[in-house]
*Asks:* 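Right, I'll just put the structure down here and ask away after.
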2 protein chains.
Amino acid sequence: MSEKPLTIHIAAKEAGISIETIRYYQRIGLIEKPEKPLSGYRVYSEDLIARLLFIQRAKELGFSLTEISTLLALGDGNCAEIKELATHKLAIVNNKLHDLQAIANTLENLIQACEFNSSHQGCPIITAILKR
Amino acid sequence: MSEKPLTIHIAAKEAGISIETIRYYQRIGLIEKPEKPLSGYRVYSEDLIARLLFIQRAKELGFSLTEISTLLALGDGNCAEIKELATHKLAIVNNKLHDLQAIANTLENLIQACEFNSSHQGCPIITAILKR
DNA sequence: CTTGACTCTGTACTTAGGTACAGGGTTTAT
DNA sequence: ATAAACCCTGTACCTAAGTACAGAGTCAAG
């Protein structure tokens, strides 16, 4: 046979993750373990690799592994629930955006204050944090 | 004596954190333990409480406890270094903002696609994650 | 003088998402 | 037939920022 069997390290390469991460996903039940043949190594299907890629992309959208597990369980046939999950996630992301924006604004102001602080007496940032 | 001694649980209340968190900060060296008197409980100074409040506020600005430790060590007299830290933090926050904004946009589009999906055939979100 | 509230010390546990072995077994290339 | 490369199972460890006790001491009120 010259076709490489789809063993775990090939699967890992195709999915762009490490072998250990695949095993971790198996441990937490996010993906199935392929059947272990009587002799030899477990062989990974294209479907399983698609699932791994799905997981990566869903992670990029901010979903946790637990949420991804739900997404995968719901699958293609439960659009309303999926949409609900996405909407909830969007709300959380928007909240985080709001908080981070406030932080960025404050930091910018503090950094500005430092620039105007030609007197080398104390640091406006420290002062501000002390008594905000 | 009718003045309550500033014991740990009073300090915790004033700083708005839990007793266990104060002890945790002591464990990691972020704050000092007040001297233990020969008999009785440790007494917390106003300075220490100010330090705890500083920590809370710095956390709200996104600084980690490790970074806060540095801020406290640098203190008021090292404005340039403090400003440097704040600038670095701002850059990280801006990156995160950028990433989150992209996520929010994608999620919004996907949710929209679900709304337009009157056909109850499959879910646009799942499809999109599968082959993005 | 006892009871309840508080403190202290030390250690273990938590969450999320992995990473890192050790000690085996199997396969493939030379 | 042997060495390198790979796999498998199980377990321990990592980070960050805490939380949760257990077991012992101390203090204040009634």
Side-chain angles (χ1 to χ4, degrees), chain A residues 1-45 48 51-52 54-72 89 92 96, chain B residues 1-45 48 51-52 54-72 89 92 96:
Chain A
M1 299 214 184
S2 75
E3 303 235 330
K4 291 172 203 159
L6 213 35
T7 57
I8 196 170
H9 104 267
I10 310 284
K13 201 165 291 179
E14 299 220 348
I17 59 182
S18 81
I19 291 176
E20 291 304 315
T21 298
I22 291 183
R23 294 205 209 283
Y24 171 67
Y25 290 169
Q26 291 169 344
R27 272 208 304 286
I28 64 173
L30 189 54
I31 60 171
E32 298 281 322
K33 267 187 190 174
E35 288 306 309
K36 185 172 182 177
L38 286 170
S39 89
Y41 302 147
R42 294 174 196 277
V43 172
Y44 289 71
S45 67
L48 200 31
R51 199 172 165 102
L52 287 172
F54 181 98
I55 293 168
Q56 296 319 295
R57 292 182 191 123
K59 272 190 351 140
E60 283 164 18
L61 286 180
F63 290 103
S64 71
L65 296 185
T66 306
E67 289 163 337
I68 292 170
S69 183
T70 304
L71 289 178
L72 285 164
K89 178 58 63 181
I92 289 170
K96 230 175 249 174
Chain B
M1 298 214 187
S2 73
E3 302 236 330
K4 293 170 202 157
L6 214 34
T7 58
I8 195 170
H9 103 267
I10 309 285
K13 200 165 292 180
E14 300 222 346
I17 58 182
S18 79
I19 290 176
E20 290 305 315
T21 298
I22 290 183
R23 294 206 210 282
Y24 170 66
Y25 290 169
Q26 290 169 343
R27 273 207 303 289
I28 64 171
L30 188 55
I31 59 171
E32 298 281 323
K33 268 187 189 174
E35 287 307 309
K36 184 171 183 179
L38 287 170
S39 89
Y41 302 147
R42 294 173 195 279
V43 172
Y44 289 71
S45 67
L48 200 31
R51 199 171 165 104
L52 287 171
F54 182 97
I55 292 167
Q56 298 317 297
R57 292 183 191 125
K59 270 187 357 137
E60 284 164 18
L61 286 181
F63 290 103
S64 71
L65 295 185
T66 307
E67 288 164 338
I68 292 170
S69 182
T70 305
L71 288 177
L72 284 164
K89 177 59 63 181
I92 289 170
K96 229 175 248 173

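When reading the values below, keep in mind they use all heavy atoms of this one structure, side chains included, and skip hydrogens, waters and symmetry mates. Chain letters run A, B, ... following the sequence lines, proteins first, then strands; residues in each count from 1.
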*Asks:* Round to a whole Å and report the spacing from CD1 of B/Ile28 to P of D/dA16.
*Replies:* 10 Å
*Asks:* Any donor-acceptor pair under 3.5 Å linking the side chain of B/Lys89 with the backbone of B/Gly62?
*Replies:* yes
*Asks:* Do B/Thr70 and B/Phe63 have side chains that approach each other closer than 4.5 Å (heavy atoms only, starting at C-beta)?
*Replies:* no
*Asks:* State, yes or no, whether a side-chain contact exists between B/Glu14 and B/Ile10 at a heavy-atom distance under 4.5 Å.
*Replies:* yes
*Asks:* Find the distance A/Gln56:CD to C/dG17:P and express it as a whole number of Å.
*Replies:* 12 Å
*Asks:* Report the distance from atom CZ of B/Arg27 to atom P of C/dT11, rounded to the nearest whole Å.
*Replies:* 11 Å
*Asks:* Would one find more than 12 heavy atoms of other residues, nucleotides or ligands at under 6.0 Å from atom CD of A/Gln56?
*Replies:* yes
*Asks:* Only one of B/Gln26, B/Glu20, B/Arg27 passes side-chain contact (heavy atoms from CB on, under 4.5 Å) with B/Tyr24; say which it is.
*Replies:* B/Arg27
*Asks:* Which whole-number value in Å describes the distance from B/Ile31 CD1 to D/dA17 C1'?
*Replies:* 14 Å
*Asks:* For the residue pair B/Ile55 and B/Ile31, establish whether any side-chain heavy-atom pair is separated by less than 4.5 Å.
*Replies:* yes
*Asks:* What does the B/S/- profile of nucleotides 24-30 of chain C look like, 5' to 3', with a 4.0 Å heavy-atom cutoff to protein?
*Replies:* -BBS---
*Asks:* Nearest-Å distance, CZ (A/Phe63) to P (C/dG17)?
*Replies:* 13 Å
*Asks:* Return the value, rounded to whole Å, for the distance between atom CD of A/Gln26 and atom C1' of D/dC8.
*Replies:* 10 Å
*Asks:* Within the 4.5 Å heavy-atom criterion, are A/Thr21 and A/Leu52 side-chain neighbours or not?
*Replies:* no
*Asks:* Starting at the 5' end of DNA chain C and moving along, which residue's nearest nucleotide shows up first, B/Lys33 or A/Lys59?
*Replies:* B/Lys33
*Asks:* What is the distance, to the nearest angstrom, from the CG atom on A/Leu52 to the P atom on C/dG18?
*Replies:* 12 Å
*Asks:* With the threshold set at under 4.0 Å for non-hydrogen atoms, list the residues of residues 7-25 of chain A touching DNA chain D in residue-number order.
*Replies:* A/Thr7, A/Ile8, A/His9, A/Ile19, A/Arg23
*Asks:* Any heavy-atom pair between the side chains of B/Ile8 and B/Arg23 that's under 4.5 Å?
*Replies:* yes
*Asks:* Report yes if the side chains of B/Pro34 and B/Val43 come closer than 4.5 Å at any heavy-atom pair, otherwise no.
*Replies:* no
